[in-house]
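Below: the structure, in structure tokens.
Chain letters run A, B, ... following the sequence lines, proteins first and then strands; every chain starts at 1.
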Amino acid sequence: MNTGILIPLLDYASVLVFALTGALVASRSQLDLVGFIFFATLTGIGGGTLRDLLLGGPVLWLARPGLILMAAAAAVLVFFTAHLLESRYRALLWLDACALAVAVPAGVGVAIDAGVSPVIVVAMGIITATFGGLMRDVVANEVPLVLKQGELYLTAAFGGALAAVLLSHAAMPRSVALIACGVVTFILRAGSLTWGWRLPVYRSRPPRV
Amino acid sequence: MNTGILIPLLDYASVLVFALTGALVASRSQLDLVGFIFFATLTGIGGGTLRDLLLGGPVLWLARPGLILMAAAAAVLVFFTAHLLESRYRALLWLDACALAVAVPAGVGVAIDAGVSPVIVVAMGIITATFGGLMRDVVANEVPLVLKQGELYLTAAFGGALAAVLLSHAAMPRSVALIACGVVTFILRAGSLTWGWRLPVYRSRPPRV
Amino acid sequence: MNTGILIPLLDYASVLVFALTGALVASRSQLDLVGFIFFATLTGIGGGTLRDLLLGGPVLWLARPGLILMAAAAAVLVFFTAHLLESRYRALLWLDACALAVAVPAGVGVAIDAGVSPVIVVAMGIITATFGGLMRDVVANEVPLVLKQGELYLTAAFGGALAAVLLSHAAMPRSVALIACGVVTFILRAGSLTWGWRLPVYRSRPPRV
């Protein structure tokens with residue numbers, strides 16, 4: 001698979017799935033249709049926009065305005081169908097996990113193409129994957145997912161980005177590294193949601209026995 | 001009227017009026033004079049700054065530092081006169097409506113000049129008009145106006161931006177399109193504040209009869 | 001002392017000390033190690049990143065990825081030692097004061113080198129010094145320090161930046177102006193923390209006698 005196609009594909013998928021999560025948050029705040037579109041777009045393009053601003057490149061949706069229309073379409077879809085979901089919060093968590101798993105390779109791929117150092121590649125993967133959801137949660141007054149104690153969220157993004165950097169340095173093809181990146185991210189996040197995988201959290205004092 | 005003059009004028013008016021709203025929010029948080037200036041400046045230039053960063057142009061207040069001094073002057077004015085207002089929150093809502101009505105055409109005008117596609121023009125109008133107020137509300141721990149259920153806020157900005165794009169495509173002069181943009185935005189927002197114009201909001205279940 | 005060395009030094013010191021404050025906030029939210037690294041990095045590089053984006057220059061940590069590793073190392077240090085502190089909040093306030101006192105000259109120095117007008121120089125000093133902490137507090141749901149009524153926080157940054165601009169105009173060497181900037185900032189902030197120096201805050205009505 002040509003990386004020249006893979007990265008735009010990852011951007012589209014990431015915008016789409018994050019847009020769905022933004023619209024779900026809008027539904028939890030009981031907004032109107034334009035509010036749904038605002039949150040879907042903010043969440044969908046937030047992370048990639050920050051990545052592109054930091055790397056000094058053109059912002060993804062200026063080059064492809066179709067991304068905005070796609071996010072808006074996702075918002076309309078959720079506006080008319082969210083009541084069919086049994087638990088919107090559960091759907092939100094799982095969609096966010098999928099979005100994470102495509103956004104980390106989207107960030108990593110663009111950063112590798114920009115020729116930056118491995119530390120920056122990892123940082124761009126994490127930024128692309130987390131800042132859209134972070135803006136969504138801060139604006140909507142929800143507790144940001146990055147604050148969930150011990151859950152593998154940032155860690156999932158970090159693990160995926162690290163896998164991509166290691167595979168790239170092992171001279172694997174770009175597309176293999178990016179797909180592995182998404183798989184590692186998803187497995188870590190899904191394992192945390194399903195089986196409660198956790199990292200030890202900071203405690204100021206040892207818990208009583 | 002020359003568009004070359006109109007767009008800087010809109011930027012000045014938008015910074016001034018948004019700065020007044022920022023200072024009013026500072027007064028609600030009982031800050032000192034420097035805190036007033038901080039919030040006035042953040043609110044005044046926030047939206048335009050994001051617009052210019054996204055479009056890759058020079059940021060408005062780097063080219064015209066007078067904008068910062070004007071926002072600071074607005075903050076000083078509010079610091080010494082806000083106690084004369086009967087309701088600061090009401091003044092805040094109406095000033096914010098005026099700011100919205102000048103900031104949408106300010107964003108739309110710059111975007112049209114940058115030669116971007118209609119979808120991006122609309123997005124830039126909304127971003128320029130809403131992100132200053134959004135930063136103000138997020139930093140000050142106020143409920144963002146974009147979260148007000150059903151009120152025409154984002155919708156007012158969207159309507160105004162859409163009007164400008166349609167009139168531009170109908171080959172109307174730039175200045176007519178921008179003035180119509182501001183008028184449509186203000187009428188929608190003022191109608192929502194005065195007569196309670198609303199959009200239907202999302203409800204997970206139909207209300208009981 | 002060569003300014004060519006001084007400004008990167010100030011950037012390193014500012015990232016390091018702000019990173020420590022970010023990690024302390026992560027400890028107050030009981031996050032895991034990756035959460036500590038996220039907050040340390042966000043806080044450490046947030047202000048300088050915004051400064052560089054606004055000035056159109058390359059972002060500081062793209063040029064020097066070591067800044068990210070240093071912030072991560074600070075996070076690891078705090079993760080394993082924060083329980084030794086008697087009061088994490090007190091440590092946070094004083095570290096933040098130190099960070100302020102190095103970040104204001106870091107912002108002012110870069111802005112003077114960019115040849116912008118004095119108003120912008122002052123603004124860049126304040127932005128560099130306050131936005132890292134602001135992002136930290138907004139994301140972690142803490143009350144931003146800029147909202148502390150009457151405390152000299154923004155005022156300390158403003159005073160330091162003003163001192164640097166005045167000394168620069170009085171043809172003092174750049175390094176003297178920047179060191180004086182840091183000293184003025186720290187004295188104002190430390191005076192406010194230690195002796196309760198305050199500015200009068202806005203009150204909608206005069207207090208009863």
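Summarising the geometry, atom CG belonging to C:L134 is positioned 10.5 Å from atom CE belonging to B:M135; distances are rounded to the nearest 0.5 Å. Between C:L50 atom CG and B:L53 atom CG the span is 8.0 Å, to the nearest 0.5 Å. Taking CG of B:D32 as the start and OG1 of C:T155 as the end, the distance is 4.5 Å to the nearest 0.5 Å. A distance of 8.5 Å separates CD1 of C:I126 from CZ of B:F38, quoted to the nearest 0.5 Å.
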Audit row: C:V201, B:L31, side chain to side chain contact (heavy atoms under 4.5 Å, CB included) steps and yes/no: CA-CA 5 Å; C:V201 300; B:L31 300 184; over 6 Å; no
C:Y202 vs B:L33, side chain to side chain contact (heavy atoms under 4.5 Å, CB included): CA-CA, chis, key distance, verdict: CA-CA 8 Å; C:Y202 175 83; B:L33 185 55; over 6 Å; no
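Looking at C:I127, only its side chain comes within 4.5 Å of chain B, counting heavy atoms on both sides. The contact between B:L42 and chain C is made entirely by side chain atoms (from C-beta outward), counting heavy-atom distances below 4.5 Å. Of the two parts of C:P144, only the side chain, counted from C-beta on, holds a non-hydrogen atom closer than 4.5 Å to a non-hydrogen atom of chain B. For C:V146, the parts lying under 4.5 angstrom from a heavy atom of chain B are both the backbone and the side chain.
Contact check for B:F39 versus C:L154: no side-chain heavy atoms found under the 4.5 Å cut-off.
In terms of heavy-atom proximity, B:W61 sits nearest to C:A123 at CZ3-CB, 4.2 Å. What you find for C:M124 and B:L62 is that their closest heavy atoms are CE-CD2, 4.0 Å.
Interface check for chain C: of the options B:L84, B:V139, B:I68, B:L69, the most heavy-atom pairs under 4.5 Å are formed by B:V139.
When the shell of 6.0 Å around CZ of B:F79 is examined, it contains more than 12 heavy atoms from other residues, nucleotides or ligands.
Checking C:V119, C:V121, C:V116 one by one against B:P65, the side-chain contact (heavy atoms from CB on, under 4.5 Å) holds for a single residue, C:V119.
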